[in-house]
Protein chains: 2
Amino acid sequence: MSIRSQLLKGILDGCILSVIADESVYGYELSKKLQQVGLSDVSEGTIYPVLLRLQKNGMIKGEMRPSASGPNRKYYDITEQGEEALEIIQEEWDLLVGPVSQLLQGGETP
Amino acid sequence: MSIRSQLLKGILDGCILSVIADESVYGYELSKKLQQVGLSDVSEGTIYPVLLRLQKNGMIKGEMRPSASGPNRKYYDITEQGEEALEIIQEEWDLLVGPVSQLLQGGETP
DNA sequence: TTTTTCTATCTTGTATAACCAGATAGTGAT
DNA sequence: ATCACTATCTGGTTATACAAGATAGAAAAA
């Protein structure tokens, strides 16, 4: 397993919520978008379980829509609950990044 | 489980390695240090298993030394292998922080 | 002296999460 | 027909963090 995948743990939900909050997307599209953004090794086998879990927890809603070129797509939209959760994740992320980056940059511990 | 603890996943090894790379520490001291730095809810029940795992994987070496005031302490030092692993974690962290922060900051996906 | 408090390490059990590999299926091009 | 691309989902495996508690030495307070 790559180290990258370990680092992803726990942040992936936030990333996916964030993309969905910005616009309606379906899973396959989402995986391409995350790869474009720089999260290059997030595969479908990882994304679909996350989407199902987020839906089960009421963070997002899924809706099947036909596609003009290919199989049906399941578009997801964020819920109110999902928006609240996303805000908390954003705050927690900001609180975490500072200390961790400073530690890893070899900053002396006081 | 708190969202914070989810975010910690995968980064904790790097944080601990980083502190040990800076100086010899024992577990109890390490937990205090991490709390000071801002990783406030990292308890001993979390840290000791990580230390044992890192040692088992050859990233750090432990050595028991007596204490003038209290029980014996097990000091840990980083190994060459640990330093190499830490460098990779640092690089991966830098690659991850940018995209994730931008996503969470509500940046539009292209 | 006894009790409490602080220091210090480790284990067991539990919940969550990400991944690999593969199944399933529609559409369009060669 | 066959291949390639789009699209979703599942099962089994492994890694990880955490809570709670067991164990124990040393010093201060009662």
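None of the values given here were measured: they were computed from a predicted structure. Naming convention: chains lettered A, B, ... in sequence-line order (proteins, then strands); numbering from 1 in each chain.
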Does [X] use its side chain to pair, donor to acceptor, with the backbone of [Y] at less than 3.5 Å?
X	Y	value
B:Ser18	A:Leu103	yes
A:Ser101	A:Val97	yes
B:Thr79	B:Met59	yes
B:Tyr48	B:Ser43	no
B:Gln90	A:Leu104	yes

Figure out the [atom1]/[atom2] separation between [X] and [N], and round it to whole Å.
X	N	atom1	atom2	value
B:Leu12	D:dA15	CG	C1'	13 Å
B:Glu44	D:dA19	CD	C1'	12 Å
A:Lys74	D:dC9	NZ	C1'	9 Å
A:Asp13	C:dA17	CG	P	6 Å
A:Arg73	C:dG26	CZ	C1'	12 Å
B:Leu17	D:dT16	CG	P	12 Å
B:Ile11	D:dA17	CD1	P	9 Å
B:Leu30	D:dA17	CG	P	13 Å

Taking all non-hydrogen atoms of both residues into account, name the closest pair between B:Gly27 and B:Leu51 and its distance.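 Scanning both residues completely, I find the closest heavy atoms to be CA-CD1, 3.7 Å.
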
With a 4.0 Å limit, can you tell me whether B:Tyr26 has a side-chain N or O closer than that to the phosphate oxygens OP1/OP2 of C:dT9? no

Would you please confirm or rule out a distance under 4.0 Å between OP1 or OP2 of D:dC18 and any side-chain N or O of B:Ser43? no

Got B:Glu91 and B:Asp94 here, is their nearest side-chain heavy-atom distance under 4.5 Å? no

Using a 4.5 Å cut-off on heavy atoms from C-beta on, say whether the side chain of A:Arg73 contacts that of A:Ser24. no

Footprint string (nucleotides 23-28 of chain D, 5' to 3'): B base within contact, S backbone only, - free, heavy atoms under 4.0 Å: -BBSS-

Mind running a 4.0 Å heavy-atom check of residues 48-64 of chain A against DNA chain C and sending the residues that fall below it, in number order?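 Listed by number, they are A:Val50, A:Arg53.
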
Base, sugar-phosphate alone, or nothing: which one does A:Gly27 contact when heavy atoms must sit under 4.0 Å apart?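 Here A:Gly27 touches the backbone only, sparing every base.
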
